[in-house]
Amino acid sequence: MFLFSQSWYIVKTLNMEASLGMVMIASSIPRLLFMAVGGVIADRVSRTKILSVSNLTRSILLGGLLILLGSGEVSVYSFAVFGLVFGILDAFVWPANSALLPMLVEDSQLTRANSIIQTTQQASMIIGPMIGGFLVSWGGYLFSFSVPAVMLLCSALLSRLINLKPASTDSSGAPGIFASIKEGFSFVKTQPFLIALFISTIFINLSVVGPLMMGLPIFVKTILHGSALDFSYMDGSMAAGMVVSSLVIGFLNVKRYRGMFATAALFSMAAALMLFSQTHFKAGCMAVLFLIGMTFPATNIPILSIFQQLVDRSMLGRLSGLLTMASLGLTPVSYAVTSFFLSNGVSIASIMFGGSCSLLLVNLIVLWKLPVFRKTS
């Protein structure tokens, strides 16, 4: 709801489409810089405490945004500052969150458990933008930002109910933060499958995240000439595809040929994005976004399950941080490149088409140079 309201406020109210990239860059760079450190902290501090404190802080920050909004002082720079702080908090939340699940379920159930988590998250992504669209249309931006502030407060309280002990109660003999990060890198270099995965996911963020995630509200406004509700329907269609895909993978509980499964999903993602860029009517766009949404869990869930099964529990936090850092490494570049092309008059449809071609080419190179990506995992 917050991300929807923020994007639509910048695009529609401030009329600063190209500046949307600046806000997204502001939240992405601190994630990249602090993610590895956040992973080490997740191995040494209670992961539930990290989640609780971070969500409480975000709730307080949104309260400050409401004050600025009520006084009429909100600008694109305000959102950039909030994005910066949110990005720092995400750098600690994501590794802690990713490292929780293997402590709760058996290895044989990781694929199914990850699919349940993904389904829950994607269902929220369907409901969130739709509610955000209605809140903006009926109650205005003040109301649409108030609801996520309250919900983040509830999340901070609920995360305390996950009763887990700290990953390490005594870190006095543990290596330093940078030494721990180095250990994580050393482990990654011993896993050819993870190397292949890193290359593909890095370019997913370069080729897809900027043009699609940043460009979707712009596409709705400039290509489809739609409203806030149309944007919410598009966002919801993609999230619906994620939910359906997560449910199917959870039902199948895929344990074999997970590498091949993820490879097929990556190629499908590139093809679907290419089709979307050439579709200029609302119903068709919703259908293609549904297909794009299906490819994300089909890539993420099998790979995440392999990762969680391979990694020692004592290193899970820092390696989760490194994996996330690697996958997000080119996201700020993607936002910057997308903003640059938009500022120079290139249509968002053309940018999406170029991104899909780039992803397809990189997938072919990875498949050719690193055949381990095709093997059973």
Side-chain angles (χ1 to χ4, degrees), residues 27 30-61 85-122 124 148 151-185 187-188 194 246 300-301 303-328:
S27 63
R31 290 191 196 119
L32 177 63
L33 294 178
F34 293 101
M35 192 68 69
V37 175
V40 175
I41 299 301
D43 284 332
R44 302 183 181 186
V45 179
S46 169
R47 292 158 186 171
T48 56
K49 184 179 294 184
I50 292 174
L51 297 179
S52 180
V53 171
S54 298
N55 285 327
L56 177 60
T57 304
R58 283 191 276 200
S59 178
I60 295 172
L61 286 172
V85 180
F86 273 44
I88 294 174
L89 293 172
D90 282 343
F92 294 90
V93 168
W94 289 4
N97 194 50
S98 178
L100 276 176
L101 193 61
M103 301 173 66
L104 302 173
V105 300
E106 299 294 333
D107 287 349
S108 62
Q109 293 297 316
L110 278 173
T111 298
R112 182 162 289 161
N114 278 307
S115 73
I116 293 172
I117 297 297
Q118 288 273 331
T119 301
T120 306
Q121 291 173 342
Q122 306 314 327
S124 300
M151 296 187 73
L152 279 169
L153 179 60
C154 294
S155 178
L157 298 174
L158 288 171
S159 54
R160 300 295 293 178
L161 299 178
I162 308 173
N163 188 20
L164 293 176
K165 295 180 179 179
S168 176
T169 56
D170 182 13
S171 58
S172 57
I177 289 179
F178 291 106
S180 297
I181 295 173
K182 185 178 179 180
E183 287 179 0
F185 276 116
F187 176 81
V188 170
L194 292 181
S246 299
N300 294 336
I301 293 174
I303 297 303
L304 182 58
S305 301
I306 296 170
F307 163 71
Q308 291 171 336
Q309 189 171 342
L310 286 174
V311 176
D312 185 87
R313 298 294 185 265
S314 64
M315 297 181 65
L316 197 52
R318 79 192 78 169
L319 289 173
S320 296
L322 291 178
L323 282 171
T324 307
M325 183 180 70
S327 67
L328 294 178

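Atom set for the values below is all heavy atoms of this structure, side chains included, hydrogens, waters and symmetry mates excluded. Note that this is a predicted model, so its numbers are computed, not measured.
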(request) Check whether any side-chain N or O of S155 sits under 3.5 Å from a backbone N or O of M151 as a donor-acceptor pair, and report yes or no. (result) no
(message) Tell me if a side-chain donor or acceptor on S115 pairs with a main-chain N or O of R112 at a distance below 3.5 Å.
(response) yes
Out of curiosity, [X] [atom1] to [Y] [atom2], how far, rounded to the nearest 0.5 Å?
| X | Y | atom1 | atom2 | answer |
| --- | --- | --- | --- | --- |
| L158 | L51 | CG | CG | 11.5 Å |
| F86 | T57 | CZ | OG1 | 9.5 Å |
| L56 | S54 | CG | OG | 9.5 Å |
| N55 | R160 | CG | CZ | 12.0 Å |
| I88 | S27 | CD1 | OG | 11.0 Å |
| I117 | L100 | CD1 | CG | 9.0 Å |

Which heavy-atom pair separates [X] from [Y] by the least distance, and what is that distance?
| X | Y | result |
| --- | --- | --- |
| F92 | I41 | CE2-CG1, 4.0 Å |
| P102 | L110 | CA-CD2, 4.1 Å |
| A42 | R47 | O-NE, 2.8 Å |
| S52 | A156 | OG-O, 2.9 Å |
| P30 | A91 | O-CB, 4.0 Å |

Check whether any side-chain heavy atom of [X] lies under 4.5 Å from a side-chain heavy atom of [Y], and answer yes or no.
| X | Y | value |
| --- | --- | --- |
| S246 | I301 | yes |
| L152 | L61 | no |
| D90 | R58 | yes |

